[in-house]
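Beneath this line is the structure, given in structure tokens, with notes to follow.
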Amino acid sequence: MGRDTIADIITSIRNADMDKKGRVRIASTNITENIVKILLREGFIENVRKHQESKKLFLVLTLRHRRTRNRVYRTILKRISRPGLRIYSNYQRIPKILGGIGIVILSTSQGIMTDREARLKRIGGEILCYIW
């Protein structure tokens with residue numbers, strides 16, 4: 001039985017965010033690195049660094065906690081396509097999350113990218129997760 005690395009990343013980030021932790025350590029793979037690059041570029045995390053421990057590579061993420069007056073807004077991550085049920089979409093039917101405030105991460109034939117990039121390049125793919 002295989003592991004769902006994308007769900008592991010999402011769960012780790014969600015749990016650390018709910019527990020108000022500053023850092024998360026996740027296993028480093030090509031898919032996780034690409035997703036983390038998107039999260040960093042979109043401003044959902046502050047910093048990323050690679051860490052090696054006994055011949056295994058890990059990514060250490062520094063989370064960003066958004067605050068206004070008395071509230072701390074949490075980053076919400078939702079896994080859509082999973083190993084038991086793959087969800088695909090063409091570029092015209094990629095959903096907009098909160099009217100474009102949130103992002104959709106897709107796995108396309110040209111790599112992992114956000115919904116905005118996929119619409120500009122006019123390519124669809126597998127919808128991995130929603131983030132807002």
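Values below: every heavy atom of this structure, side chains too, minus hydrogens, waters and symmetry copies. Computed from a predicted model, the values in this text were never measured in an experiment. Heads up: numbering here begins at 1 and tracks the sequence.
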### Task
In plain terms, say whether E42 and R64 are close enough for a salt bridge, that is, a side-chain N and a carboxylate O under 4.0 Å apart.
no
### Query
Between D8 and R3, is there a side-chain N and carboxylate O pair less than 4.0 Å apart?
yes
### Task
Report the C-alpha distance between I10 and C129 in whole Å, list the side-chain angles of each, state the deciding distance to 0.1 Å, and finish with yes or no for side chain to side chain contact (heavy atoms under 4.5 Å, CB included).
CA-CA 9 Å; I10 291 172; C129 60; 3.6 Å; yes
#### Entry: R82 side chain near L85 side chain, heavy-atom distance below 4.5 Å
yes
### Query
Can you find a pair of side-chain heavy atoms, one from I45 and one from T62, that are under 4.5 Å apart?
no
Determine whether [X] and [Y] fall in the same hydrophobic cluster, where Ile, Leu, Val, Met, Phe, Trp and Tyr are linked whenever their side-chain heavy atoms lie under 4.5 Å apart.
{"X": "L98", "Y": "I127", "value": "yes"}
{"X": "I26", "Y": "V60", "value": "no"}
{"X": "M113", "Y": "I35", "value": "no"}
{"X": "L61", "Y": "M18", "value": "no"}

### Query
If you round to the nearest 0.5 Å, how far is CG of L39 from CD1 of I9?
8.0 Å
### Reported CG-to-CG distance for the pair D17 and L77, which is rounded to 0.5 angstrom
8.0 Å
So, [X] side chain and [Y] main chain: donor-acceptor pair closer than 3.5 Å or not?
{"X": "N34", "Y": "N30", "answer": "yes"}
{"X": "R93", "Y": "G124", "answer": "no"}
{"X": "S81", "Y": "I87", "answer": "yes"}

### Residues forming a side-chain hydrogen bond (donor to acceptor under 3.5 Å, both in side chains) with Q52, sequence neighbours excluded
none
### Side-chain H-bond candidate by donor/acceptor type, R119 with Y91, under 3.5 Å
no
### Distance-only side-chain donor-acceptor flag, S107 / E126, under 3.5 Å
no
### Query
Between I105 and I131, does a side chain to side chain contact (heavy atoms under 4.5 Å, CB included) hold up when you go through it step by step?
CA-CA 8 Å; I105 296 181; I131 303 169; 3.6 Å; yes
Would you name the heavy atoms of [X] and [Y] that are closest together and state the gap between them?
{"X": "V104", "Y": "P95", "value": "CG2-O, 3.4 Å"}
{"X": "W132", "Y": "F44", "value": "C-CE2, 4.3 Å"}
{"X": "A27", "Y": "T32", "value": "O-OG1, 3.3 Å"}
{"X": "I97", "Y": "I103", "value": "CG1-O, 4.1 Å"}
{"X": "G102", "Y": "D115", "value": "O-OD2, 4.5 Å"}
{"X": "L106", "Y": "A118", "value": "CD1-CB, 3.8 Å"}

### Message
Heavy-atom count check: over 12 atoms from other residues, nucleotides or ligands less than 6.0 Å from R116 CZ?
### Response
yes
### Query
According to the salt bridge (Lys or Arg N to Asp or Glu O under 4.0 Å) rule, which pairs have a member within residues 26-39, sequence neighbours left out?
E33-K50
### Query
Does the cation-pi check pass for R25 over F58, that is, NZ or CZ under 6.0 Å from the six-membered ring centre and within 45° of its axis?
yes
### Message
If we check side chain to side chain contact (heavy atoms under 4.5 Å, CB included) with V36, which of these qualifies: I13, V48, I31?
### Response
V48
#### Entry: Residues K21, L63; criterion side chain to side chain contact (heavy atoms under 4.5 Å, CB included); working and verdict
CA-CA 8 Å; K21 294 201 175 193; L63 300 179; 5.5 Å; no
### Task
Just do the side chain to side chain contact (heavy atoms under 4.5 Å, CB included) check on I6 and R79 with the steps written out, would you?
CA-CA 8 Å; I6 299 169; R79 177 79 156 121; 3.9 Å; yes
